[in-house]
Amino acid sequence: MYRAPRGTSDILPREQAYWRYIEQKVVNACQLYGYERIDAPAFEDTKLFSRSVGEDTDIVEKQMYTFEDRGGNKITLRPEGTAPVCRAYLEHGLHNLPQPVKLYYIASIFRYERPQAGRYRQHYQFGFEAIGDDDPALDAEVIDMAWQFFQSLNLRHLSLQLNSIGCKKCRPGYLAILKDYYASHTRDLCSDCKTRLKRNPLRLLDCKKPQCQQIANSAPRSIDYLCPQCDEHFNRVKRYLELLDLPFAVNHRLVRGLDYYTRTVFEIQPEVEGAQTTLGGGGRYDDLIEELGGKPTPALGFAAGIERIILNLKKQNVPIPPLPRPQVFIAHIGDKARDEAIKLAAALRKNGIGVIEAIGNKSLKAQLRQANTLGAHHTVIIGEQEVKTGTVILRDMTTAQQRTIPIVQLQEELR
RNA sequence: GUGAGUGUCGCCUAGCGGUCUAAGGCGCCAGGUUGUGGCCCUGGAGAGCGAGGGUUCAAAUCCCUCCACUCACCCCA
């Protein structure tokens with residue numbers, strides 16, 4: 001028997017209400033903030049990701065689905081959503097539009113990881129990207145949009161964490177200071193942190209081990225080493241967030257896993273326990289477009305994992321509106337009645353009335369049972385009698401009232 | 001890549017060496033009305049116990065290996 005590959009899953013009909021719910025809220029937020037949808041291909045030239053995400057990140061080093069296609073091209077299934085959007089921005093000369101260009105996507109993401117709660121090999125993210133302006137007001141707007149989106153989902157108990165990790169001018173200096181600090185504590189670090197110290201010092205800050213947390217808590221903070229421009233930028237972002245009444249908390253230990261981030265970084269997390277805490281995150285990536293071959297173009301974005309959102313919606317028992325279903329069920333008895341039923345179903349559908357027609361030779365009882373479990377509001381019953389007289393029985397399934405009406409009147413009655 | 005836990009009908013669960021040709025609940029199908037649902041009653045279909053190997057007179061029940069799932073670490077959405 002075949003099963004879905006490890007780390008993937010089927011989204012069955014009973015789950016779909018969650019997905020539609022979230023998609024609808026995403027679309028709504030994007031309309032409110034002026035973002036337009038973009039869909040990029042599921043795979044790209046491998047270099048697009050290795051250059052943007054960073055050669056030394058885990059994503060590039062060991063999590064990408066990379067293969068050579070039949071033409072000998074190195075291809076990678078997208079492990080994140082931002083780089084493809086930036087690629088499209090460059091490829092289609094979107095810098096000719098009024099800046100910033102605001103785009104959003106909903107897309108499957110592929111990473112070869114060990115599956116776990118809220119972590120899959122194929123998962124879905126939506127994200128929005130605002131490309132072409134370095135105004136801190138844009139940072140605030142993106143953060144606000146992310147926050148308001150979660151509010152609109154009716155998710156509660158979320159926290160908004162904010163930090164600034166500087167730019168390519170000031171970050172190297174900070175990293176040197178950070179390394180110095182950690183070098184003096186190297187004996188007390190966990191083994192993971194010892195390798196982080198060499199490979200990715202920023203990540204030292206978010207180690208979960210208690211002994212490392214203590215060290216991280218009193219580590220030098222990036223916001224204390226920002227260059228004047230970054231400092232000014234960060235202060236204005238914070239001021240705008242206050243203007244917007246957003247309950248953000250500056251967290252100097254917040255860093256992000258992708259190399260392209262600069263200045264503002266932020267995450268939204270549920271305040272509950274659990275391992276996969278981050279629902280969504282984002283930040284500025286002012287150097288990425290240039291890195292990909294464009295002119296220097298500031299930008300920022302946000303992305304969130306849909307499966308994780310669903311996990312939290314369930315945890316919080318957030319009511320989800322049910323998906324619409326056909327309103328009318330047609331039951332029939334006998335071959336002649338079935339002929340009528342087929343024609344009737346077609347006629348109703350042509351007029352925009354959703355119909356489920358009983359299929360197979362089931363007893364009326366079985367047909368009504370089916371109508372009941374499907375939740376049809378009305379059942380139309382056609383038997384020999386009705387065929388002869390050109391009528392139909394219209395049964396209201398909630399009140400169990402039914403009456404015989406001429407078939408020509410049915411449409412009228414169903415409105 | 002590392003660690004821990006789990007693996008019995010579609011779902012949930014019982015069984016923990018012989019009474020298991022595996023039991024129950026949900027769901028599904030059918031009957032209880034000759035043309036009528038939701039409740040109730042009755043019946044039916046549906047697993048040979050993740051896979052393979054071993055121990056034993058005898059294994060779903062013990063052992064081994066593998067696989068899968070789950071959770072955690074790593075990393076991230």
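Below, read A as the first sequence line, B as the second, and so on, with proteins coming before strands; counting in each chain starts at 1.
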Peer 1: Rounded off to whole Å, could you give me the CD-to-C1' distance for the A:Glu267 and B:C75 pair?
Peer 2: 12 Å
Peer 1: Are the ring centres of A:Phe248 and A:Trp147 closer than 6.0 Å?
Peer 2: no
Peer 1: Please measure how far the C1' atom in B:A51 lies from the corresponding atom in B:G7, and state the result in whole Å.
Peer 2: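 Result for the C1' pair: 11 Å, nearest Å.
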Peer 1: Kindly point out which of B:A30, B:C69, B:A77 is positioned nearest to the side chain of A:Arg6?
Peer 2: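 Within the option list, the nearest is B:C69.
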Peer 1: Could you tell me how far apart A:Leu202 (CG) and B:C75 (P) are, to the nearest whole angstrom?
Peer 2: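 Whole-Å distance recorded here is 13 Å.
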Peer 1: Using purine N1 to pyrimidine N3 plus N6-O4 or O6-N4 for Watson-Crick, or N1-O2 and O6-N3 for G-U wobble, both under 3.5 Å, which nucleotide pairs with B:U33?
Peer 2: none
Peer 1: Just to be sure I understand the rule, does A:Arg256 reach a base, reach only the sugar-phosphate, or reach nothing, if contact means heavy atoms closer than 4.0 Å?
Peer 2: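 It contacts sugar-phosphate atoms only.
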Peer 1: Is A:Asp339 paired with A:Lys336 through a side-chain N to carboxylate O contact shorter than 4.0 Å?
Peer 2: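 No, A:Lys336 and A:Asp339 are not salt-bridged.
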Peer 1: Distance check, P atoms only: B:C66 and B:G48, in whole angstrom units.
Peer 2: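 Per the computed distance, 25 Å lies between those P atoms.
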Peer 1: Any idea how A:Phe302 and A:Phe266 line up, ring-wise: parallel (<30°), tilted (30 to 60°), or perpendicular (>60°)?
Peer 2: parallel
Peer 1: When rounded to the nearest Å, what value does the distance between C1' atoms of B:G46 and B:G27 take?
Peer 2: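 The answer is 11 Å between these two C1' atoms.
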Peer 1: For every nucleotide of nucleotides 33-52 of chain B, 5' to 3': is a protein heavy atom under 4.0 Å from its base (B), only from its sugar-phosphate (S), or from neither (-)?
Peer 2: --BBBB--------------
Peer 1: Under 3.5 Å, side chain of A:Gln367 to main-chain N/O of A:Lys362, donor-acceptor pair present?
Peer 2: yes
Peer 1: Roughly how far apart, to the nearest Å, are B:C26 and B:C62 at atom C1'?
Peer 2: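 These two C1' atoms come out 33 Å apart once rounded.
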Peer 1: Picking from A:Thr262, A:Asp139, A:Asp134, what satisfies side chain to side chain donor-acceptor pair (under 3.5 Å) with A:Arg284?
Peer 2: A:Asp139
Peer 1: Searching all strands shown, indicate the nucleotide that pairs with B:C71 (Watson-Crick or G-U wobble; both distances under 3.5 Å).
Peer 2: B:G3
Peer 1: Whom does B:C16 pair with, Watson-Crick or G-U wobble, provided both distances fall under 3.5 Å?
Peer 2: none
Peer 1: Considering just the side-chain nitrogens and oxygens of A:Gln116, establish if one lies under 4.0 Å of OP1 or OP2 belonging to B:C71.
Peer 2: no
Peer 1: So, do A:Phe128 and A:Tyr104 have ring centers that fall under 6.0 Å from each other?
Peer 2: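 No, the ring of A:Phe128 stays outside the 6.0 Å limit from the ring of A:Tyr104, centre to centre.
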Peer 1: For B:A45, which nucleotide in any strand shown is its Watson-Crick or wobble partner with both distances under 3.5 Å?
Peer 2: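 Checking every strand shown, B:A45 finds no partner, since no pair has both distances under 3.5 Å.
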Peer 1: Does B:U21 have a Watson-Crick or wobble partner in any strand here, with both distances under 3.5 angstrom, and which is it?
Peer 2: none
Peer 1: If you go through the side-chain atoms of A:Arg3, does one of them form a donor-acceptor pair with the base of B:A68 closer than 3.5 Å?
Peer 2: no
Peer 1: A:Asp10 has an atom CG; how far is it from atom P of B:C69, in whole Å?
Peer 2: 13 Å
Peer 1: Determine whether a donor-acceptor pair (N or O, by modelled atom type, separation under 3.5 Å) exists between the side chain of A:Arg263 and the backbone of A:Cys167.
Peer 2: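 No; judged by distance alone, with no hydrogens or angles, the pair does not exist.
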Peer 1: Decide yes or no on side chain to side chain contact (heavy atoms under 4.5 Å, CB included) for A:Arg156 and A:Gln151, but give the supporting numbers first.
Peer 2: CA-CA 7 Å; A:Arg156 291 290 109 93; A:Gln151 298 304 305; 3.6 Å; yes
Peer 1: Salt bridge or not between A:Glu15 and A:Lys314? Use side-chain N to carboxylate O under 4.0 Å.
Peer 2: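 Yes, this pair counts.
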Peer 1: Measure the distance from CD on A:Glu113 to P on B:C71 and round it to the nearest whole Å.
Peer 2: 14 Å
Peer 1: Hey, is B:G5 sitting syn or anti, using the within-90° cutoff around 0?
Peer 2: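 Anti conformation for B:G5.
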Peer 1: Atom CZ of A:Arg121 to atom C1' of B:A68: distance rounded to whole Å?
Peer 2: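 Rounding to the nearest Å, CZ of A:Arg121 and C1' of B:A68 are 12 Å apart.
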Peer 1: In whole angstroms, how far is the C1' atom of B:U2 from the CG atom of A:Asp192?
Peer 2: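 It is 10 Å, rounded to the nearest whole Å.
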Peer 1: Are OP1 or OP2 of B:C75 and a side-chain N or O of A:Arg196 less than 4.0 angstrom apart?
Peer 2: yes
Peer 1: Is the ring centre of A:Phe126 less than 6.0 Å from the ring centre of A:Phe149?
Peer 2: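 Centroid distance A:Phe126-A:Phe149: below 6.0 Å, so yes.
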Peer 1: Looking at every strand, decide which applies to A:Thr379 at a 4.0 Å heavy-atom threshold: base, sugar-phosphate, or nothing.
Peer 2: nothing
Peer 1: Considering only atom C1', compute the distance from B:A23 to B:A60 and round it to an integer number of Å.
Peer 2: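 That atom pair is separated by 13 Å.
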Peer 1: Can you tell me, in whole Å, how much space there is between the C1' of B:A72 and that of B:C64?
Peer 2: 26 Å
Peer 1: Would you kindly give the OH-to-C1' distance between A:Tyr112 and B:C76, to the nearest whole Å?
Peer 2: 17 Å
Peer 1: Using the C1' atom as the reference point in each nucleotide, state the distance between B:U6 and B:C20 in Å, no decimals.
Peer 2: 23 Å
Peer 1: Round to a whole Å and report the spacing from CG of A:Asp206 to C1' of B:A77.
Peer 2: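 Interatomic distance, CG of A:Asp206 to C1' of B:A77: 14 Å.
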Peer 1: Just compare B:C75, B:A77, B:U70 and give me whichever is closest to any side-chain atom of A:Tyr120.
Peer 2: B:A77
Peer 1: Paired with B:C62 by Watson-Crick or G-U wobble geometry, both distances under 3.5 Å: which nucleotide is it?
Peer 2: B:G54
Peer 1: Measuring from the side chain of A:Leu258 (C-beta onward, heavy atoms only), which nucleotide among B:U70, B:C71, B:A77 has the closest atom?
Peer 2: B:A77
Peer 1: Counting heavy atoms from C-beta on, name the nucleotide in B:A30, B:A77, B:A72 closest to the side chain of A:Gln125.
Peer 2: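 In terms of side-chain proximity for A:Gln125, the closest of B:A30, B:A77, B:A72 is B:A77.
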Peer 1: Taking the same atom, C1', in B:G3 and in B:A45, what whole-Å distance lies between them?
Peer 2: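 That atom pair is separated by 43 Å.
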Peer 1: Considering heavy-atom distances to RNA chain B, does A:Ile59 or A:Pro5 have its closest nucleotide positioned more toward the 5' end?
Peer 2: A:Pro5
Peer 1: Side chain of A:Ala117: nearest nucleotide among B:C75, B:C71, B:C76?
Peer 2: B:C71
